[in-house]
Amino acid sequence: MSSTDRYDAEAVERKWQAEWAAKGTNAFTKDELERADEPYYNLMMFPYPSAEGLHIGNIYAFTGADVHGRYWRLQGKTVFEPIGFDAFGIHSENYALKVGTNPADLIPRNVENFTRQLTRMGGMYDWTHTVDTTDPKYYRWTQWIFLKLYQGGLVERRNAPVNWCPSCKTVLANEQVVGGLCERCDTAVEQRQLPQWFFKISQYAERLLDNIEKLDWSDTTRKAQANWIGRSEGAEVDFSIQGGSGAVRVFTTRPDTLFGATYMVLAPEHPLVDSLTTAACRAAVDDYRTQVAKRDLVERKKTDKEKTGVFTGGYCINPMTGKAIPVWIADYVLMEYGTGAIMAVPGHDQRDFEFATVFGLPIMRVIAAPGEDANTALDSAYDGDGTLVNSGRFDGASVEAGKRAIVADLAKRGAGEAKVNYRLHDWCVSRQRYWGPPIPMVHCERCGAVPVPESELPVLLPRVEDFKPDDSGVSPLARVKSWYETTCPQCQGPARRETDVSDTFLDSAWYFLRYPSADRDDVPFDAELTRKWLPVHSYIGGNEHAVLHLMYSRFVTMALKDLGFIDFEEPFAKFRAHGLIINEGTKMSKSRGNVIVPDALIDKYGADTVRVYLMFLGPFEQGGDYRDQGIQGPHGFLTRLWQSVLDANDVAPDPVVERKLHQTIRQVTEQIPNLQYNTAIAAMMEYLNVVRAGGRTPRRAEVAPLVLMIAPFAPHVAEELYQRLGHNESLFASARWPVFDEAKAADALLDVGVQVNGKLRARVQVAADADEAAVRAAALANDNVSRFVDGKTIRKAIYVPGKLLNLVVG
RNA sequence: GCCCGGGUGGUGAAACUGGUAGACACAAGGGACUUAAAAUCCCUCGACCGCAAGGUUGUGCGGGUUCGAGUCCCGCCCCGGGCACCA
């Protein structure tokens with residue numbers, strides 16, 4: 001054997017990557033996309049191109065998705081597998097600040113490096129249809145989407161709190177606030193109110209929730225989405241203000257406990273706080289409100305701190321008891337949920353109970369559990385089921401019936417109504433930052449906020465050398481006078497551009513619509529191509545995006561459908577979340593210094609080995625533990641496969657090997673579409689062991705199908721072996737997935753376990769068509785079985801055909 | 001606190017719908033081939049008892065259902081991830 005016949009992964013991979021690029025094996029022309037017979041859009045979450053390059057987690061995810069795409073391609077589908085770069089955002093911006101470079105210079109270098117690495121891993125990417133969210137040709141259409149939603153009445157400008165670091169003089173994202181302090185300078189973070197742009201996603205809450213059950217998505221992801229939307233059924237109830245006009249409206253899920261509402265609590269920011277506050281309480285209320293405003297948003301939401309609050313001096317009337325109850329303010333009531341005000345029922349809500357205990361407010365029982373009555377003392381809130389007590393004419397009703405009856409009563413009197421509330425709140429898309437697409441709006445003193453005309457898109461992000469945040473509290477763009485000074489598109493008067501940029505999540509909320517039409521500059525997405533290729537057939541990505549990215553993508557898709565731009569409302573027919581890779585039992589992180597460097601691994605073993613190993617580690621949807629030594633297994637496997645194909649002769653396949661082959665094809669064919677890659681690979685290893693058992697010489701017909709089956713995992717070596725088996729064209733362009741023959745997969749003899757009283761005593765071999773009597777005879781003929789049966793009566797026999805016989809004796 | 005995962009040999013992990021636990025692989029040990037090494041091939045490999053045949057035991061813990069439980073039910077413990085005062 002000459003040295004050129006040794007498995008040289010590097011040479012093989014170089015050769016085939018060049019071949020694919022030269023022949024355009026994985027790229028589609030517009031015409032090809034339009035004419036595809038069986039389109040299959042295989043999408044994976046595009047990466048943020050960091051300066052460090054692809055990490056093993058990216059590679060794991062992309063490989064798993066690529067295996068999926070290559071499999072369907074071999075099954076005859078036209079698989080479109082694009083990749084792009086999600087390059088805007090705070091990560092790039094902060095990193096650029098840290099190293100003192102402009103992100104506009106940094107990103108192209110990172111993209112180039114990522115492209116090199118992705119190519120090197122052997123992904124089946126169509127590089128003629130890629131996107132870069134920072135390219136004006138892309139973000140022009142991100143801005144277009146903003147405008148379309150604006151025109152559709154789905155965008156609104158309103159004040160909202162942001163985290164503010166008084167020392168860095170900048171707005172912070174929630175994750176930049178650590179323990180109430182700025183992560184960079186440890187200064188206490190405050191809240192500031194700024195006008196921001198919102199997408200009214202909450203209008204879609206019901207549809208977003210209802211559609212979930214129709215989606216073929218990972219269960220965990222669907223549950224996360226449902227929880228995030230957080231539907232809760234209850235009622236809104238008016239508590240009229242004593243000695244004043246109007247009422248305070250609250251949302252409650254427990255209208256049945258209304259008789260137990262002994263006080264009320266408003267969020268400190270609630271608009272009625274001012275009018276409810278009496279002169280005597282004014283100072284304390286103002287003081288408390290200032291303190292709350294000072295705290296950052298993250299700290300505000302901590303649940304484990306002691307309840308605080310102050311009395312406003314005002315009273316409202318409980319619509320059921322007619323009694324006046326005091327109105328307090330406290331930071332445990334949030335302005336953004338419900339109506340920003342609650343009726344407190346300390347007897348049956350733990351938070352209210354704690355608050356009432358701290359401030360000595362009355363606690364009343366209005367629900368009695370079985371065995372309790374109206375006078376049973378409460379030492380904590382009781383939130384279980386039971387019957388109403390201390391509730392006038394509603395006494396004796398169940399919780400369920402009480403809810404209905406009290407809501408009906410309130411409705412009759414015009415004091416309340418049934419109401420469904422959602423946790424999901426509107427999407428704030430404003431970022432007081434530099435590295436993002438400028439929001440395409442103009443502020444005119446006369447006309448107010450005016451959208452930039454479509455014909456003037458893109459609103460280019462100017463190159464700004466000094467994009468460090470300053471104390472203005474607004475985007476760095478607000479310092480670039482030459483940029484923000486403009487004229488009003490409506491009245492031509494002097495105007496000022498919106499200087500905030502949009503959220504990165506907006507960039508990624510529509511990129512899948514762009515890919516097929518990435519080469520079009522006249523439209524964001526071609527109508528025909530979109531109809532043909534979307535919704536996405538398969539989407540694979542991390543569970544860290546299970547909520548926001550997927551939710552926003554669904555929302556944008558729904559909105560675009562309602563606006564008449566597309567004819568479907570769910571973007572991803574199928575979604576699967578992949579697991580995480582850990583290293584020797586511990587999480588990988590830069591600080592631990594245990595990050596696996598993919599380039600070094602590929603240098604040593606080749607991309608094919610790395611791909612197979614990553615997919616072999618554990619179930620793809622659960623992740624796995626990367627162990628350095630383990631890679632030897634897959635590497636040896638590919639080496640043996642190589643050797644076996646080169647050594648193969650033309651003798652007809654051995655029947656025993658052939659049976660195993662068909663069983664293997666069956667298993668692998670079933671498991672790959674379900675992402676059960678680890679066991680599919682194990683089956684192929686097992687088969688190759690049979691082919692090579694005892695050092696026998698493999699036959700060509702025994703190994704040729706294995707070359708095809710390993711191709712999704714190890715595409716380069718598969719191509720090379722396919723060629724050496726005598727084919728001229730690329731395997732992926734010409735080969736078809738092997739088909740198994742059920743008859744040939746069937747075993748002639750079956751191994752049946754024999755139990756006596758549930759304990760395994762023997763295994764007997766019987767003909768595949770043996771009936772129960774035959775199995776029983778064979779079992780009783782077995783010494784070890786008769787040992788346990790002799791002298792006893794067989795009371796019962798359970799026979800699982802072809803598998804197991806259990807004799808119950810006694 | 002709540003919602004998801006998960007807990008099986010020395011290790012990563014398999015196990016269809018309740019039916020022969022530990023496939024496949026790593027590591028370890030032994031052997032063949034070789035001048036040697038590499039590569040390749042073969043054997044052993046949960047624990048305990050036994051020369052063996054075989055037996056007992058074993059899937060985080062405690063109960064239960066069943067002819068039969070890693071798998072189902074009830075009650076716990078531990079690990080990982082996400083959400084978190086949501087009224």
Side-chain angles (χ1 to χ4, degrees), chain A residues 6 218-224 226-228 230 232 234 250-254 257 265 300-305 307 330-334 336-345 349-352 354-355 421-425 543-544 546-547 577 579-580 582 584-585 587 613 616-619 621-634 636-637 639-640 643 667 670 676 678-687 689 692-696 751-763 783-784 787 795-810:
Chain A
R6 272 225 133 94
S218 301
D219 250 15
T220 53
T221 314
R222 299 197 309 174
K223 279 182 181 138
N227 287 343
W228 189 260
S232 62
V250 304
F251 173 72
T252 177
T253 54
R254 297 294 304 273
T257 62
V265 187
R300 165 77 187 269
K301 295 199 171 183
K302 283 259 170 70
T303 62
D304 48 2
K305 53 185 206 270
K307 295 277 181 290
D331 67 353
Y332 81 95
V333 175
L334 307 174
E336 65 264 27
Y337 187 76
T339 60
I342 62 159
M343 63 177 211
V345 184
D349 179 286
Q350 192 53 33
R351 298 155 300 181
D352 298 343
E354 286 165 21
F355 190 84
N421 216 345
Y422 296 92
R423 203 192 77 109
L424 180 71
H425 41 252
N543 240 336
E544 67 274 19
V547 176
L580 295 177
I582 55 173
E584 312 269 351
K587 213 166 144 182
Y613 182 46
F616 182 66
L617 280 180
E621 290 176 82
Q622 272 166 47
D625 189 0
Y626 180 95
R627 290 169 60 257
D628 243 354
Q629 281 179 322
I631 199 167
Q632 294 299 342
F637 169 65
T639 307
R640 286 191 294 276
Q643 210 47 254
Q667 183 178 345
E670 275 167 14
Q676 292 161 307
N678 56 332
T679 46
I681 292 168
M684 289 189 268
M685 288 175 166
E686 202 177 330
Y687 173 62
N689 288 345
R692 295 169 63 86
R696 69 185 285 277
D751 203 19
V752 177
V754 182
Q755 296 180 336
V756 179
N757 284 347
K759 287 202 186 216
L760 188 73
R761 295 302 177 189
R763 294 160 214 254
D783 287 350
N784 208 42
R787 207 148 69 83
R795 303 197 181 279
K796 197 169 164 187
I798 291 108
Y799 179 58
V800 182
K803 297 219 146 178
L804 178 130
L805 176 70
N806 186 11
L807 300 172
V808 184
V809 302

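Lettering follows sequence order; numbering is per chain, from 1.
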A:Tyr626 ring center within less than 6.0 Å of A:Tyr613 ring center = yes

Base-pairing mate for B:C61 - Watson-Crick or G-U, with both contacts under 3.5 Å | B:G75

Of the nucleotides B:A87, B:G19, B:G6, which one has an atom closest to the side chain of A:Val333?
-> B:A87

Check nucleotides 51-60 of chain B for protein N or O atoms closer than 3.5 Å to its own N or O atoms and list the pairs.
residue	atom	partner	partner atom	Å
B:G54	O3'	A:Arg787	NH2	3.3
B:G54	O2'	A:Arg787	NH2	3.3
B:G55	OP1	A:Arg761	NH1	3.2
B:G55	OP1	A:Asn784	ND2	3.1
B:U56	OP1	A:Arg761	NH2	3.2
B:U56	OP2	A:Arg761	NH1	3.0
B:U57	OP2	A:Lys759	NZ	2.7

For nucleotides 42-47 of chain B, print each protein N/O atom paired with a nucleotide N/O atom at under 3.5 Å, atom names and distance only.
residue	atom	partner	partner atom	Å
B:C42	OP1	A:Gly694	N	3.4

Proximity to the side chain of A:Lys223 - top-ranked nucleotide from B:C86, B:G5, B:C24 = B:G5

Which heavy atom of A:Glu621 sits nearest a heavy atom of A:Ser218, and at what distance?
-> OE1-OG, 4.0 Å

Atom P, compared across B:G81 and B:G31: separation rounded to whole Å | 46 Å

Mind telling me if B:G9 is syn or anti? Syn here is a glycosidic angle within 90° of 0.
-> syn

Watson-Crick/G-U partner (both atom distances under 3.5 Å) of B:C41 | B:G31

Checking N1-N3 plus N6-O4 or O6-N4 for Watson-Crick, or N1-O2 and O6-N3 for wobble, each under 3.5 Å, the partner of B:G80 is B:C4

Round to the nearest Å and state the distance from A:Met685 atom CE to B:C26 atom C1'.
-> 10 Å

Please set out all donor-acceptor pairs under 3.5 angstrom arising from side-chain atoms of residues 795-810 of chain A, sequence neighbours excluded.
residue	atom	partner	partner atom	Å
A:Tyr799	OH	A:Gly802	N	3.1
A:Asn806	OD1	A:Gly758	N	3.0

All N/O pairs under 3.5 Å across the protein-nucleotides 78-82 of chain B interface:
residue	atom	partner	partner atom	Å
B:G81	OP1	A:Lys587	NZ	3.2

Work out which heavy atom in A:Gly340 is nearest to a heavy atom in A:Val333; give both atom names and the distance.
-> O-CG1, 3.5 Å

Could I get a table of every N or O pair under 3.5 Å where one atom is in the protein and the other is in nucleotides 10-13 of chain B?
residue	atom	partner	partner atom	Å
B:U11	O2'	A:Arg627	NE	2.9
B:G12	O2'	A:Leu617	O	3.0

Identify the heavy atoms of A:Thr679 and A:Gln676 that sit nearest to each other, and give their distance.
-> OG1-O, 3.2 Å

According to a strict under-4.0 Å criterion, is A:Ser232 in side-chain N/O contact with OP1 or OP2 of B:A87?
-> yes

Side chain to side chain contact (heavy atoms under 4.5 Å, CB included) partner of A:Met343, chosen from A:Asp349, A:Thr257, A:Asp352 | A:Thr257

Just checking A:Arg795: base, sugar-phosphate only, or nothing, at a heavy-atom cut-off of under 4.0 Å?
-> nothing

Any idea how A:Phe355 and A:Tyr332 line up, ring-wise: parallel (<30°), tilted (30 to 60°), or perpendicular (>60°)?
-> tilted

Find every protein N or O atom lying less than 3.5 Å from an N or O atom of nucleotides 67-69 of chain B, and list the pairs.
residue	atom	partner	partner atom	Å
B:C67	O2'	A:Asn806	ND2	3.4
B:C67	O2	A:Asn806	ND2	2.5

Is there a side-chain polar atom (N or O) of A:Gln643 under 4.0 Å from OP1 or OP2 of B:U40?
-> no

